[in-house]
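Step one of this worksheet: look at the structure below.
Just so you know, ligand 1 is whichever comes first in the structure, and atom 1 is the first atom listed for that ligand. Keep in mind it's a predicted model, so treat the numbers as computed, not measured.
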Amino acid sequence: MIIIFNSHATKDNVQELIADIHAKGLKTNLSEGDNTTIVGVIGDTTKLDIDNLKSADYIADVKRVSEPYKKANRKMHPENSYIKVTDKVTIGEGIFNVIAGPCSVETEEQIIEVAQDVKKSGATLLRGGAFKPRTSPYSFQGLAGEGLKLLLEAKKATGLPIVTEIMNLVHLDMFNDVDVIQVGARNMQNFDLLKELGKCNKPILLKRGLANTIEEWLMSAEYIMAGGNENIILCERGIRTFETATRNTLDIAAVPMLKHKTHLPVIIDPSHATGISWMVPQLAKTAVAAGADGIMVEVHNDPPKAWCDGAQSLNPKQFDDLMTDLKRRVEFEGKKFYI
Ligand code: PEP
Ligand code: MN
C-alpha cells in the first residue's frame, strides 16, 4: 500500500502516521521527493482502513500496490535511486558508468595492465572474476582468494573501484574491500545468499538469471532490500531463448520496462549477452538509446589467450574506440559520461 501526502502535510503528520502504522506491526518505506512524500506500507495491510486514512486532510491518496515487490517498486519510490560506490563514483539516472575488465583475474601483469588501459579510456569501475561459475568442472575455476588479492592491487594501482562475483556466502568476509559485489546469473535465485547480502551495506550488482522473468528478478532484488540493503544495480546480461546464433539473447526491452517498474539503476552486459566480441560495441551503444545507466563489458589485454571468455572480450584498442563513440552518444542524450 502507498500513502501519498499532499502539500499541507507537515513532517509531524508524516511521522505520526508512520508511528501508528508501526504500532500495528507493519513496516514502512519513506520516500521524500522534491514534490511528493510517499509512505509505502509493507506487511498485512488489511489491518489498515483505506477510507479512514483518506479522510485525513493531509493525505492526497491511498493505493494498493498489487506487485509482489514493494521496496523495489517505483510506486513506493517514484524518484530514481542513486547508488554511491565511492566519493567519485555514483551509479544512476543521468550518469553513464562503464564497468570494464577481464572475465577473470589471471595474473598480476594481466589485471594491472587491463586496469590501467580501461581507466585511460574512461572506465569508472574495474571488473574481474576471482570465483568463476563455469559450466564444466574441468574449466578454470578462478584464482579465488589470490584473484581477489590481485584485484585489490589493481584497485590500488589505478584508484578504480572493483566489481567481482561472490558465489558462496562463506566467502563474504573476503569481500570487505570489494566495492561492488556481483551476484551472477546462476545465483540470482540463491535466496540464502541474497538474504545475507541484504545485511551488508555494499552495492550489489544483481545480474538477471539465465531464464528468469523481470518479476522474478525484481523479487530477488526485493530479497536483498528486505534485509535492509537498498544499494542494488540490476544488470541485463541476455536470457536463454531458442536462438543459438548468439550466446544469449539480449532483452533490450527489459531496460525501459525496468525503468517503468523500479527506481533501481539498470545496466547492460553486452559481452555475456552475445558471446561474440565484434557484436559488443553495437549492443553497448543500444544500451545508451534504451536508457540504461551504464554497461559492463569484458576487456582483455590479449583476448585469444584469455583463460575465460576470450571470444567475447574486446582488446584495449577496441574498447578505447568504443568509449570514444559512446561518449558522443551519452552526451547527446544529455547524460554525464566521465565522472
Ligand atoms: C560474469 O560477469 O563474469 C559472469 C559469469 O556473468 P553471468 O553471471 O552473467 O553469466
Ligand atoms: Mn565472462
Show, in sequence, the C-alpha distance, side-chain angles and deciding distance for H272 and Q312, and conclude whether the side chain to side chain contact (heavy atoms under 4.5 Å, CB included) test is met.
CA-CA 7 Å; H272 291 90; Q312 68 192 32; 3.3 Å; yes
Return the minimal non-hydrogen interatomic distance between G92 and P265, and the atom names on each side.
CA-CB, 4.1 Å
Quick check: closest heavy atoms across C308 and C103, and the distance to 0.1 Å?
SG-SG, 3.1 Å
Quick one: list whatever passes side chain to side chain contact (heavy atoms under 4.5 Å, CB included) with K199, sequence neighbours left out.
E196
Calculate, to the nearest 0.5 Å, the distance between atoms CD and CD1 belonging to E153 and I111 respectively.
10.5 Å
Charged N to carboxylate O under 4.0 angstrom, R127 versus E298?
yes
Regarding K155 and D177, does a basic nitrogen lie under 4.0 Å from an acidic carboxylate oxygen?
no
Return the orientation label for the F175 and F131 ring planes: parallel under 30°, perpendicular over 60°, tilted otherwise.
parallel
Kindly list each side-chain donor-acceptor pair under 3.5 angstrom involving residues 250-262, sequence neighbours excluded, with atom names and distances?
residue: D251; atom: OD1; partner: A253; partner atom: N; Å: 3.4
residue: D251; atom: OD1; partner: A254; partner atom: N; Å: 3.3
residue: D251; atom: OD2; partner: R208; partner atom: NH1; Å: 2.8
residue: K259; atom: NZ; partner: E93; partner atom: OE1; Å: 3.1
residue: K259; atom: NZ; partner: D293; partner atom: OD1; Å: 3.2
residue: K259; atom: NZ; partner: D293; partner atom: OD2; Å: 2.6
residue: T262; atom: OG1; partner: A72; partner atom: O; Å: 2.6
residue: T262; atom: OG1; partner: L264; partner atom: N; Å: 3.2

At a heavy-atom distance under 4.0 Å, which protein residues reach ligand 1? Sort them by chain and number, would you?
R127, K132, P133, E165, Q182, G184, A185, R186, K207, R237, H272, M296
Number of protein N, O or S atoms [distance to the Mn ion (ligand 2) under 2.8 Å]
4
